[in-house]
Q: 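Questions regarding the structure given below will be posed in turn.
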Amino acid sequence: MLVYKALDIFFFVFHAIFTGFCTFGWIWKKTRKLNFILLFLTGISWLLVGPLCGYGIGYCPFTDWHWQAKIKLGYTDFPRSYVKFFFDSLTGLDLNAFAVDAAVAFLFAAAFMLSLILNIRDIVRTRRH
């Protein structure tokens, strides 16, 4: 039981850091390449792996593993969105699932485009010099 509680805490913290980095990692030049790679892999998981493996759009293996640990701890009722779970857990609110999904999609698309544009710009500038 202690192992699953540790995994529960680990995934909560890890997911917060991962999500934060995916959202804002494009800001710093030193982290842009890693940011783009993680955004690309997240997009692949959400848009290809999930639907092809029968999980649907938005599948995240980290969420899947976190839910498995929480099930071992006796939890059974999870929202579809990890971000909804995260913010509901932090605030005690019951956020609208559609609004959370829309915000996540918008922020992901914005972060992906910013990361892509800035990485291309960095490559072009490096080749010029």
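Along the sequence shown, the residues carry numbers beginning at 1.
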Q: Testing the basics here: between S115 and L39, what is the closest heavy-atom pair and its distance to 0.1 Å?
A: CB-CD1, 3.9 Å

Q: Has I44 got more than 12 heavy atoms of other residues, nucleotides or ligands less than 6.0 Å from its CD1?
A: yes

Q: How many angstroms lie between atom CG of L7 and atom NZ of K70, to the nearest 0.5 angstrom?
A: 11.0 Å

Q: Just how far is it from atom OG1 of T42 to atom CG of L38, taken to the nearest 0.5 Å?
A: 6.5 Å

Q: Assess whether atom CZ of F40 is packed by more than 12 heavy atoms of other residues, nucleotides or ligands within 6.0 Å.
A: no

Q: Do W28 and F18 sit in one hydrophobic cluster, given that two such residues count as connected whenever their side-chain heavy atoms are within less than 4.5 Å of each other, even indirectly?
A: no

Q: Mind checking whether F62 and F11 have parallel, tilted or perpendicular rings, split at 30° and 60°?
A: tilted

Q: Under 30°, 30 to 60°, or over 60°: which ring-plane class applies to F14 and F10, parallel, tilted or perpendicular?
A: parallel

Q: Work out which heavy atom in F12 is nearest to a heavy atom in H66; give both atom names and the distance.
A: N-CE1, 3.7 Å

Q: My understanding is that only residues two or more places apart in sequence, or in another chain, count here; which of them pass salt bridge (Lys or Arg N to Asp or Glu O under 4.0 Å) with D77?
A: none

Q: Which atoms form the tightest heavy-atom contact between I27 and R32, and what is the distance?
A: O-NH2, 3.3 Å

Q: Kindly indicate whether the side chain of F86, heavy atoms from C-beta on, has any atom under 4.5 Å from the side chain of V100.
A: no

Q: Return the CG to CD distance between L73 and Q68, rounded to the nearest 0.5 Å.
A: 12.5 Å

Q: Provide the closest heavy-atom pair for C22 versus N35 in the form atom of the first, atom of the second, distance.
A: O-ND2, 3.2 Å

Q: Minimum heavy-atom separation for H15 and T63, please, with both atom names.
A: CE1-OG1, 3.0 Å

Q: Check whether I37 and F24 end up in the same hydrophobic cluster, where Ile, Leu, Val, Met, Phe, Trp and Tyr are linked by side-chain heavy atoms less than 4.5 Å apart.
A: no

Q: If you group Ile, Leu, Val, Met, Phe, Trp and Tyr by side-chain heavy-atom gaps below 4.5 Å, do L114 and V104 land in one group?
A: no

Q: Could you check whether any side-chain heavy atom of T76 comes within less than 4.5 Å of a side-chain heavy atom of I71, counting everything from C-beta outward?
A: no

Q: D8 vs K72, test: salt bridge (charged side-chain N to carboxylate O under 4.0 Å, His left out). Steps then yes/no.
A: CA-CA 10 Å; D8 184 27; K72 295 289 187 182; over 6 Å; no

Q: Could you check F112, W26, F21 and say which one makes a ring pair (Phe, Tyr, Trp, His ring centres under 6.0 Å) with F36?
A: F112

Q: Take atom OH in Y4; do more than 12 heavy atoms of anything else shown fall under 6.0 Å from it?
A: no

Q: Are a donor atom and an acceptor atom from the side chains of T126 and D122 found within less than 3.5 Å of each other?
A: no

Q: Here's a test for you: under ring pair (Phe, Tyr, Trp, His ring centres under 6.0 Å), which of W67, Y59, W65 qualifies with Y82?
A: W67

